Number of protein chains: 2
Amino acid sequence: MKRSGRRSGKPDTKEEILTAARRLFAEHGFESVSVRRIAADAGVDPALIHHYFGTKDDLFLAAIELPIDPGPEIAAALRAGGLEGAGGRLMHTFVSIWDGPHHDKLVAVARTAVSKPAMSLMFRKLFERRIVKTISEVIGDEVDHVHVRANFIGSQIFGIIMTRYILKLEPMASLDAEELAETIGPTIDRYLTMPVEHIAARH
Amino acid sequence: MKRSGRRSGKPDTKEEILTAARRLFAEHGFESVSVRRIAADAGVDPALIHHYFGTKDDLFLAAIELPIDPGPEIAAALRAGGLEGAGGRLMHTFVSIWDGPHHDKLVAVARTAVSKPAMSLMFRKLFERRIVKTISEVIGDEVDHVHVRANFIGSQIFGIIMTRYILKLEPMASLDAEELAETIGPTIDRYLTMPVEHIAARH
DNA sequence: CCATTAATTCATCTGTTGATGAATTCGACC
DNA sequence: GGTCGAATTCATCAACAGATGAATTAATGG
């Protein structure tokens, strides 16, 4: 029967808390998860969470550990070849990132962006300042109105994120990166090359 | 100074509550809105809400008033012409529905589907049982593997819903139905006609 | 005009939430 | 080996959640 006080050994409790927080935030979203629940999952007293991280918002920020900068990977994917096939490479990059070790963080952000205005804003900024900017810089001189194009591309990618990682619809959820890139790639290619003056003109 | 008891006249308080609920649920999502807040917005005592609708879940269900059946409109759009242009007509139909009087209900459902598992399930069922089924019935003999195709179409439509109605990114949020249909249409057309055996084979 | 029923509010309960401060235990350092 | 600081828990708060039952007022039908 452990009473109170410090534990034996040197357990990395801080990291255990973060892991539990990431898992739960990703699975249920920010408001549906209580600090107590996270503490229970981490096998820790709730007060310890506040001791380490402060408020619940602070814990969330620590758990998602922004900024995750996908800029370089996107740029590399775009530079790996010409405009043809760029969509497939882009899609493959995205899915790889989301399937990778940052999965829980990213899903947590996406889920929370839908219900928490501050997170929604952060999402928008991340999209505009990293993704759109990177795309612009890399292929901005081969193509016009990159901002509009990037938003259409974003709409398709966001749809994949939702159906694959949040709603987990089949077959989206279980396709692998190659299949998705192959199937979605041409859509993105088209958004990169189609004429968009009539839309861009209205800013 | 009004104390308690019944009000004069015949105000449609029930509907005022539902309207406030729809607005708030659409704007903030289910868990972020309290019964008290809805009551305040409707200018009513919180107890009245429970009196009329029972639990908060019941209120939500009453507010979104399912099922909204988009089947007929989708079927009509598909039947209005051949396979070419079907994507544009489909997109136009969707955007018109979401921009129409059911806007708040639909946004409320979409927002809540991301954080509430029960709503997520309802969303999936609505998608499979209404949309996929309708598409299958109407063009199922012109095209194979409709289920897989419908899911790719769904991913693009869901992306539009998210960027346009939830995150409200520009220019998505302010384009009109025609422009969206024109731009997204070909994407959907492609998902309707591209080969998908390799994906469908894995079920 | 009286009785019934519907509409509305009040006061209140219970559970949960995020959060705090004091108390306890352990590790590390000199 | 005593001291100091870090780690951990306990008990507890105030705010707010959803919910309930009784009390009050108005409309309605006979």
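Residue numbers begin at 1 in each chain, while the letters A, B, ... track the order of the sequences. Just so you know, these numbers come straight off a predicted model, no measurement behind them.
When rounded to the nearest whole Å, the span between CG of Asp12(A) and P of dT8(D) equals 10 Å.
Checked by atom type, the side-chain pair Glu179(B)/Thr183(B) shows no donor-acceptor distance below 3.5 Å. Judged by distance alone, the side chains of Ser115(B) and Glu31(B) do bring a donor and an acceptor atom under 3.5 Å apart.
Of the candidate nucleotides dT8(C), dT17(C), dT9(D), dT9(D) has the atom lying nearest to any side-chain atom of Leu48(A). For Arg36(A), counting side-chain heavy atoms from C-beta on, the closest listed nucleotide (dT12(D), dT9(C), dT8(D)) is dT12(D). Closest to the His50(B) side chain, of the nucleotides dT9(C), dT20(D), dT8(C), is dT20(D). Between dT20(C), dT8(C), dG18(D), one nucleotide has an atom nearer to the side chain of Ala47(A) than all others, and that is dT20(C). Closest contact between the side chain of Ser34(B) and the listed nucleotides dG18(D), dT8(C), dG18(C) involves dG18(D). When the nucleotides dT9(D), dA19(C), dG18(D) are ranked by their closest atom to the side chain of Asp45(A), dT9(D) comes out on top.
With respect to Arg124(B) and Glu170(A), no salt bridge is recorded, no charged nitrogen being found less than 4.0 Å from a carboxylate O.
Note on the helix from dG15(C)-dC16(D) to dC30(C)-dG1(D): angle between the axes of the first and last five pairs equals 10°, rounded to 10 degrees.
The stretch residues 18-30 of chain A has no heavy atom under 4.0 angstrom from DNA chain C at all.
Atom NZ of Lys133(A) has 12 or fewer neighbouring heavy atoms from other residues, nucleotides or ligands inside a 6.0 Å radius.
For the pair Thr13(B) and dT8(C), the criterion of a side-chain N or O lying under 4.0 Å from OP1 or OP2 is met. Side-chain nitrogen and oxygen atoms of Thr55(A) include none within less than 4.0 Å of the OP1 or OP2 phosphate oxygen of dG18(C). Residue Tyr52(B) places at least one side-chain N or O closer than 4.0 Å to OP1 or OP2 of dT8(C).
Put simply, the side chain of Arg111(A) gets close to the backbone of Val114(B): a donor and an acceptor are under 3.5 Å apart. The main-chain N or O of Ala77(A) is found under 3.5 Å from a side-chain atom of Arg89(A) such that the two form a donor-acceptor pair.
Remark on DNA chain D: of its neighbouring residues Gly54(B) and Lys14(A), the 5'-side contact belongs to Lys14(A), judged by nearest-heavy-atom nucleotide.
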